[in-house]
Amino acid sequence: MTPSKPRVGLFVTCLVDMFRPTVGFSAVKLLEEAGCDVDVPMDQTCCGQPAFNSGDNASARKVAAPLIDMFADYDYVVAPSGSCAGMIKKHFPELFADDPAMAARVQALSDKTHELVSFLTDIMKVDSVPAEFDGKVTYHDSCSGLRELKVKQQPRKLLNSIKGLEISELSEPETCCGFGGTFCVKYPEISGKMVGDKTRDITETGAKTLLAGDLGCLMNMAGKLAREGSNVEVRHVAEVLADMTMAAPPIAGKEGE
Amino acid sequence: MSVSTSPNFKENVHGALRDESLQRALGRLKTGFRDKRLAAIENLPEFEALRDQARDIKNHTLENLDHYLLTFEENVKANGGHVHWCADAEEARQVVAKICRDTNAKSVLKGKSMISEEIALNDFLEKQDLKVVETDLGEYIIQLRHEPPSHIIAPAIHVHKEEVADSFRETHKGRDPNRSLDEPRELLDEAREVMREHFFAADVGITGANFLIAETGTSVIVTNEGNGDLTQTLSRVHVAIASLEKVVPTLEDASSILRVLARSATGQEMSSYTTFSTGPRREGDLDGPEEYHVILLDNGRSNMLGTEFQDMLRCIRCAACMNHCPVYGAVGGHAYGWVYPGPMGSVLSPSLIGVDEAGHLPNASTFCGKCEEVCPMRIPLPKMMRHWREREFEKHLSPSSFRYGIKTWAFFASKPRLYRAVTGIASKVLAKMAGGKGRIAKLPLAGGWTDMRDFPAPEGKTFKELWAEKQAGKGDVK
């Protein structure tokens, strides 16, 4: 290890950890290829967002607080999710606002936390990836990444560097898919309507693959597409950028699909 | 029709999603509002700077609200008008009733006013044997249909033109029953003819106010039909009903905010009519009311000052938040169950009618953030909805199963070793349940998910398990 390499602590996110480890390994690969030294603190669980967005700040703090020390020694904290990165970057300072003793450390964590793809392009100045992909994809802009972290052109820039890959844009790429964390189970009918509108838009692009940067949204859209019998394959954008689509079947898809 | 209330939100949603006519109507939000707003702001490079300015004007006003309201009152009086301070809806209704009695009014004309909806004025006045006619076409239509508005600037957005024709045939007696009412133009012409008779016979004209200007004692309304002007100038008595936060310091401030209002609302640079009313008719004036009254309604707003909800009082009722909200777009305004729908309603309604009554509303959001993105006054709507969720959680208003779920999850998520073990087992169990299909069609305890969509199965092992194996392979496990 050369000392000049930035040390990145990967915040895997609870969903990637449990449902889609391939996204985690894709992130590690992309970060290492970009010249980072990647480490994964094994005691990480979740960013606390489910509790925070449910109004249970005490629980949110209980889950979030250990991350502040856990990631203190890294140059950067990177998450393959705009939502979780946004929670740490934008909402941790709010969550711990009443605790002046924590303020400086929370701010330091906030400052160095990034969403994966925008970290690659904006901080590590990656402008192309050596991946291969043949076909038409469409890309959904997940809300938190888009509005809290301004992730918009970064994934498109890297995807466009892949020879053979063509992006067919959704008519409304910035419209929420209806996931919304606990929203999707608290208000399933509204969520179902929203994701139904989204899958119609996806189908109309003619793309064979749907990509996005947040696993929650991807599971919602993949689950709906599967329910509709669609043959659109759903993947996290990192899997395509890291050229790791052979490592796992598409989300909600079976082996060989 | 059955009455939609906020506690019934889920039932309302169920009905709204199955209402094909409503769904078709909601499809108009994109071309009717969103596309037009986008085009308007793309033509105004300084739009973002104007938003900052508008926000700052309102913030300054709210910080000095007492001063500007008193200045406003002083100037209204100096112009010969009257100001009535009303703490709640009942007081406001009684003041209107008294004005009507004192002026021997038989008929009341209404310009469009959400405050009037908030204090349920029409029903009240009709019980006082007054004839009440809404003059905004949309409001007139829903008045004929005995419905509340479903949108704050397009109250009849849920109604199709065929339904309007039916209402007109039923109400406008003495006209040719075979007349054509197929075209919007024909509907408009008929409404105009009918309305004209009402205008000439009006005693009291009640309007809302988009702004109250402190330095001049002026109330301002913006309309596209000109009905507001006629309501307030042809009536003998003009009553403007406005909530406290409508005040701005100067004409210049009102003009600044007007630049973002219509663009955000309808995509117009300005509304067709922007009408300034300063006092009653003066000696030598050709028209105007004999009396000018302003009702300043609090109704819960002063309780928001100094709280995490103060920013909501910047709202100028442009409706951009609901026009862009995917939840509003899915269920429409009536589902929200009270006067103010969409994101602004989800923040304001709990403030005005109580979070125990309106508790669903701030929860029914994905926090997608689109509302905040388009709000001309930069109101942090999602953040304030989250503050309502905090209050609900503190007051134990959220369902106990949900509270228990969050607490249980937090218990595991704050014990890393236990969490690793449990998620490791869960991943394997779920992967096995999927049986190689990659998804689960029906999952116990997860009906909210699987009623609507399949549940994508985990790969099998957790990332941390695989990472540990990999590191062990490298010989440097942590």
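Naming: A, B, ... by sequence-line order, numbering from 1 per chain.
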Practice task
Check whether B/W388 gets within reach of chain A through its side chain, its backbone, both or neither, counting any heavy atom under 4.5 Å.
Solution key: neither
Practice task
Could you look at B/A364 and say if it's the side chain, the backbone, both or neither that has a heavy atom under 4.5 Å from chain A?
Solution key: both
Problem - Residue, of A/V16, A/I251, A/N57, A/N220, that accumulates the most heavy atom pairs under 4.5 Å with chain B - result: A/N220
Fill in the blank from the handout: When the 4.5 angstrom heavy-atom criterion is applied to A/S83 and chain B, the contacting part is neither
Handout entry: Region of A/V234 in contact with chain B, defined by heavy-atom distances below 4.5 Å
Key = neither
Fill in the blank from the handout: When the 4.5 angstrom heavy-atom criterion is applied to B/A431 and chain A, the contacting part is neither
Exercise for the section: Measure up the B/F455 and A/F19 rings against each other and bin them: parallel (under 30°), tilted (30 to 60°), perpendicular (over 60°). Expected result: perpendicular
Handout entry: Toward chain A, the part of B/H387 with a non-hydrogen atom under 4.5 Å
Key = neither
Problem - Proximal component of A/E94, with respect to chain B [non-hydrogen, under 4.5 Å] - result: side chain
Practice task
Return the option, out of A/S54, A/A60, A/G192, A/G178, with the maximum number of heavy-atom pairs under 4.5 Å with chain B.
Solution key: A/S54
Exercise for the section: Give a yes or no answer on whether the side chain of A/T45 reaches the backbone of B/S414 with a donor-acceptor pair at less than 3.5 Å. Expected result: no
Handout entry: Part of A/M194 within contact of chain B (heavy atom distance under 4.5 Å)
Key = side chain
Practice task
Check whether any side-chain heavy atom of B/F463 lies under 4.5 Å from a side-chain heavy atom of A/V23, and answer yes or no.
Solution key: no
Handout entry: Which of A/V185, A/V28, A/D17 touches chain B most, by non-hydrogen pairs under 4.5 Å
Key = A/D17
Completion exercise
Looking only at A/G181, A/P50, A/G48, A/A65, the option with the highest number of non-hydrogen pairs under 4.5 Å against chain B is A/P50
Handout entry: Closest heavy-atom pair and its distance - B/T366, A/C176
Key = OG1-SG, 3.2 Å
Problem - Proximity breakdown for A/P66 and chain B, heavy-atom pairs closer than 4.5 Å - result: neither
Problem - Rounded distance (nearest 0.5 Å) linking atom NZ of A/K186 with atom OG of B/S365 - result: 9.5 Å
Practice task
Could you tell me whether the side chain of A/V195 reaches within less than 4.5 Å of the side chain of B/M452, counting heavy atoms only?
Solution key: no
Practice task
Can you tell which part of A/L10 gets under 4.5 Å to a heavy atom of chain B, answering side chain, backbone, both or neither?
Solution key: side chain
Problem - Check: A/Y187 and B/V13 side chains under 4.5 Å, non-hydrogen atoms - result: no
Practice task
Just give me the residue among B/G369, B/G424, B/G460, B/A446 that pairs up with chain A most often, heavy atom to heavy atom, under 4.5 Å.
Solution key: B/G369
Practice task
Heavy-atom distances under 4.5 Å only: say whether A/D197 touches chain B with side chain, backbone, both or neither.
Solution key: neither
Exercise for the section: Name the region of A/S144, side chain, backbone, both or neither, that has any atom closer than 4.5 Å to a heavy atom of chain B. Expected result: neither
Exercise for the section: Let me know if A/R147 has heavy atoms under 4.5 Å from chain B in its side chain, its backbone, both or neither. Expected result: side chain
Practice task
Flag the one option from B/H324, B/Q23, B/E373, B/E372 with the top tally of heavy-atom pairs under 4.5 Å to chain A.
Solution key: B/E373
Handout entry: Residue part contacting chain B, namely of A/C184, when any heavy atom lies under 4.5 Å
Key = both
Practice task
Find out whether A/M219 and B/W449 are in side-chain contact, i.e. whether some heavy atom of one side chain is under 4.5 Å from a heavy atom of the other.
Solution key: yes
Problem - B/R417 bridged to A/D43 by N-O distance under 4.0 Å - result: no
Handout entry: Under 4.5 Å from a heavy atom of chain A, the part of B/K461 involved
Key = backbone
Handout entry: Interchain contact, A/T182 with chain B, by part (heavy-atom threshold 4.5 Å)
Key = side chain
Exercise for the section: Heavy atoms only, distances under 4.5 angstrom: which of A/A51, A/G180, A/P188, A/S142 has the most pairs with chain B? Name it, please. Expected result: A/P188
Practice task
Answer yes or no: is there a donor N or O on one side and an acceptor on the other, between the side chain of B/R453 and the main chain of A/G196, under 3.5 Å?
Solution key: no
Handout entry: Toward chain B, the part of A/E148 with a non-hydrogen atom under 4.5 Å
Key = neither
Practice task
With a 4.5 angstrom heavy-atom cut-off, could you sort out which part of A/C177 is near chain B: side chain, backbone, both or neither?
Solution key: neither
Handout entry: Any side-chain heavy-atom pair of A/I190 and B/F9 under 4.5 Å
Key = yes
Practice task
Compare all side-chain heavy atoms of A/E189 with those of B/R18 and state whether any distance is below 4.5 angstrom.
Solution key: yes
Handout entry: Exercise: identify the closest heavy-atom pair between B/P456 and A/G223
Key = CG-N, 4.2 Å
Completion exercise
Honestly, the part of B/T423 sitting under 4.5 Å from a heavy atom of chain A is both
Practice task
Answer whether the closest heavy-atom distance between the side chains of B/R403 and A/D56 falls below 4.5 Å.
Solution key: no
Practice task
Taking B/K464 for its side chain and A/V40 for its backbone only, find out whether a donor-acceptor pair lies under 3.5 Å.
Solution key: no
Problem - Step-by-step side chain to side chain contact (heavy atoms under 4.5 Å, CB included) determination, A/E174 to B/K370 - result: CA-CA 9 Å; A/E174 297 185 4; B/K370 187 70 187 177; 4.3 Å; yes
Problem - Close side-chain approach of B/R439 and A/R227, heavy atoms under 4.5 Å - result: no
Handout entry: Flag for A/N53-B/R389: side-chain donor and acceptor within less than 3.5 Å
Key = no
Completion exercise
Tightest non-hydrogen contact, residues B/T462 and A/M18, listed as CG2-CA, 4.4 Å
Handout entry: Partner chain B: residue of A/C143, A/G55, A/S59, A/C14 with the largest heavy-atom pair count (under 4.5 Å)
Key = A/G55
Problem - Part of B/L466 lying under 4.5 Å from any heavy atom of chain A - result: both
Practice task
Measure distances from A/F183 to the heavy atoms of chain B and classify the residue's part below 4.5 Å as side chain, backbone, both or neither.
Solution key: side chain
